[in-house]
Amino acid sequence: MLNKKTLANRILVGAGVFILMIGMVLLNVYLPNYKSNPNSLKVVSGRSINAAIISVLSWLAVIEMRRAIGRERIPDSFSWILWMYAIGLGVTYSMFGFMGVIFLSLLVFVAAAITALAENRGDSLIYVAFMLVYPGLFMSALLYLNRCASTFPIAEGNPLLQYLEYDIWQYFGERQGSQLLPYNAISLALVFAVSSFTDVFAFFVGSLFGKRKLCEHISPKKTVEGALGGLLGGAIGSLVVFLLFDYFKIFGEHFGLTYSGLGLSSAAVALTYVTVGIFGSAMTQVGDLLASMVKRYCGIKDYSRILGEHGGIMDRFDGIMVNAVFVSFVFMFII
């Protein structure tokens with residue numbers, strides 16, 4: 001049973017994280033870089049601010065994972081490599097896009113391999129390789145979604161031309177010109193809403209109706225009923241995003257997937273949202289279980305105490321970043 005002080009801390013931190021998520025979505029909505037002047041280049045935009053936020057979160061996540069694995073498994077001789085990787089994730093992405101993150105990961109792996117050969121620590125190399133993917137590349141999926149865009153062809157005279165984004169992240173990175181429609185607000189909203197609704201519904205449904213254990217050896221409190229409730233929550237969360245962005249269009253025509261030029265009906269888009277929500281919810285729960293498995297293996301309760309009773313960044317973003325990988329796949333290859 002949580003005491004009043006602990007409960008108040010959880011509510012306060014949880015509300016703060018939720019406000020941060022909403023703020024990041026609103027930044028992409030209300031602080032875009034519109035193409036007001038073809039010869040101008042605006043540096044500050046919502047996604048540039050969000051990229052800085054996500055970069056800090058990624059840095060903290062890598063540091064937390066390094067702490068969790070411990071110095072016995074990864075000696076201090078590897079520390080400079082991991083610090084370089086943690087700090088370099090956001091910088092590399094801002095300059096070269098997601099492909100830059102891939103090559104940074106390969107470079108760090110080579111540096112770790114050389115260090116492992118010098119010290120005869122093949123086991124440490126395996127742990128470092130694991131960290132490059134989890135949380136490294138997984139958190140980088142949030143960076144991708146933050147600049148998520150569609151290459152749907154835009155003809156001259158189309159009113160959507162004014163919403164194409166040009167800022168320093170694109171200038172130094174992927175210069176795709178006037179073919180970029182900003183879907184970053186929708187993609188981030190989907191990840192945050194689906195993951196949040198999944199957690200809430202899984203908790204309450206599991207607490208009220210949970211009987212059958214889901215993965216008792218990993219997380220004893222999780223139940224099959226709670227997991228099904230989480231899937232329902234994910235679907236509802238995605239419908240909320242659909243209603244805000246596409247049905248009521250409170251942020252404007254250009255932020256929805258039902259724009260007439262895309263040739264999609266409202267029903268088809270709603271079904272797309274719900275499908276993404278259900279699978280995204282499943283990915284969120286897989287991420288939660290994965291984080292629990294790693295913590296159990298490392299013998300820790302929380303990755304850190306930076307968020308008080310909520311634990312660390314990894315404890316709060318474990319499901320979000322796995323869901324982000326799935327949503328990134330959807331927006332990259334399908335939408």
Side-chain angles (χ1 to χ4, degrees), residues 13 16-17 20-21 23-25 27-28 45-69 74 78-109 111-112 127-148 168-169 172-174 184 187-188 191-192 195 283-284 287-288 290-291 294-295 298 302-307 310-329 331-332:
V13 174
V17 173
L20 173 66
M21 292 178 181
M24 291 176 69
V25 174
L27 277 172
N28 277 341
S45 68
R47 66 177 182 176
S48 62
I49 296 173
N50 285 342
I53 295 173
I54 297 170
S55 297
V56 172
L57 294 176
S58 301
W59 171 69
L60 292 173
V62 171
I63 298 305
E64 285 181 352
M65 182 60 74
R66 194 260 184 275
R67 171 185 171 274
I69 293 176
I74 304 179
F78 289 84
S79 294
W80 70 273
I81 300 172
L82 296 176
W83 276 96
M84 179 182 71
Y85 184 63
I87 296 174
L89 276 174
V91 176
T92 304
Y93 187 90
S94 68
M95 296 180 66
F96 305 107
F98 197 78
M99 188 58 66
V101 174
I102 297 296
F103 279 102
L104 173 65
S105 302
L106 294 174
L107 178 63
V108 169
F109 180 81
Y127 288 118
V128 171
F130 175 75
M131 287 182 58
L132 298 183
V133 177
Y134 183 83
L137 293 180
F138 277 60
M139 287 295 287
S140 297
L142 284 171
L143 285 170
Y144 168 77
L145 289 178
N146 182 58
R147 67 151 302 279
C148 186
I168 195 169
W169 308 100
F172 285 115
E174 302 173 32
N184 42 14
S187 59
L188 282 180
V191 170
F192 292 151
S195 296
M283 293 299 102
T284 297
D288 191 19
L290 176 58
V294 173
K295 286 190 290 186
C298 295
D302 295 313
Y303 282 100
S304 76
R305 301 292 293 176
I306 192 173
L307 298 178
H310 279 268
I313 300 301
M314 284 290 298
D315 295 288
R316 192 63 187 84
F317 283 80
D318 50 6
I320 290 176
M321 62 183 178
V322 177
N323 185 18
V325 173
F326 168 71
V327 176
S328 296
F329 174 85
F331 275 83
M332 180 180 289

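Here OG of Ser328 is found 11.5 Å from CG of Leu137. Values are rounded to the nearest 0.5 Å. Remark: Asp302 CG to Lys295 NZ distance equals 5.5 Å, nearest 0.5 Å. Within the model, atoms CG of Asn50 and CG of Leu145 stand 11.5 Å from one another, a figure rounded to the nearest 0.5 Å. Residue Ser195 holds its OG atom at 8.5 Å from CZ of Arg316, rounded to the nearest 0.5 Å. Expressed to the nearest 0.5 Å, how far OG of Ser79 lies from CD1 of Ile74 amounts to 8.5 Å. Note that CG of Leu132 is 8.5 Å distant from CG of Leu104, once rounded to the nearest 0.5 Å.
Within the 4.5 Å cutoff, no side-chain heavy atoms of Leu142 are placed close to those of Leu57. A 4.5 Å side-chain heavy-atom check between Ile69 and Val128 finds every atom pair outside the cut-off. Taking 4.5 Å as the limit, every side-chain heavy atom of Asp318 sits out of range of all side-chain heavy atoms of Leu290. No side-chain heavy atom of Val101 sits less than 4.5 Å from a side-chain heavy atom of Phe96. Contact of the Ser55 side chain with the Val91 side chain is not registered, since no non-hydrogen atoms from C-beta on lie closer than 4.5 Å. Within the 4.5 Å cutoff, the side chain of Ser58 has no heavy atoms near those of the Val62 side chain. Between Val327 and Met283, every side-chain heavy-atom pair lies at or beyond the 4.5 Å cut-off.
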Full working for side-chain contact (heavy atoms from CB on, under 4.5 Å) between Met139 and Leu89: CA-CA 9 Å; Met139 287 295 287; Leu89 276 174; 5.7 Å; no
Ile320 vs Met21, side-chain contact (heavy atoms from CB on, under 4.5 Å): CA-CA, chis, key distance, verdict: CA-CA 11 Å; Ile320 290 176; Met21 292 178 181; 3.1 Å; yes
Pair Leu20-Ile53, side-chain contact (heavy atoms from CB on, under 4.5 Å): steps then yes or no: CA-CA 10 Å; Leu20 173 66; Ile53 295 173; 4.3 Å; yes
Residue pair Met65, Leu82: steps toward the side-chain contact (heavy atoms from CB on, under 4.5 Å) verdict: CA-CA 10 Å; Met65 182 60 74; Leu82 296 176; over 6 Å; no
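Put simply, the side chain of Ser304 never gets that close to the backbone of Glu64: no donor and acceptor are under 3.5 Å apart. Looking only at distances, a side-chain donor or acceptor of Asp315 sits under 3.5 Å from a matching main-chain atom of Tyr303. No donor-acceptor pair closer than 3.5 Å links the side chain of Arg66 to the backbone N or O of Met131.
Pairing each heavy atom of Ala86 with each of Trp59, the nearest pair is CB-CD1, 3.4 Å. Nearest heavy atom pair, residue Ser105 against residue Tyr85, reads OG-OH, 3.2 Å. Closest of all the heavy-atom pairs between Gly312 and Ile306 is CA-CG2, 3.7 Å.
Using bins of under 30°, 30° to 60° and over 60° for the plane-to-plane angle, the ring pair Phe98/Tyr93 lands in the perpendicular bin. Taking the six-membered ring where tryptophan is involved, the planes of Tyr134 and Phe130 are tilted, since the angle between them lies from 30° to 60°.
Remark: Phe109 pairs with no residue by the ring-ring contact (aromatic ring centres under 6.0 Å, His included) rule, at least two apart or across chains. Under the rule for a ring-ring contact (aromatic ring centres under 6.0 Å, His included), Phe103 has no partner lying at least two apart in sequence or in another chain.
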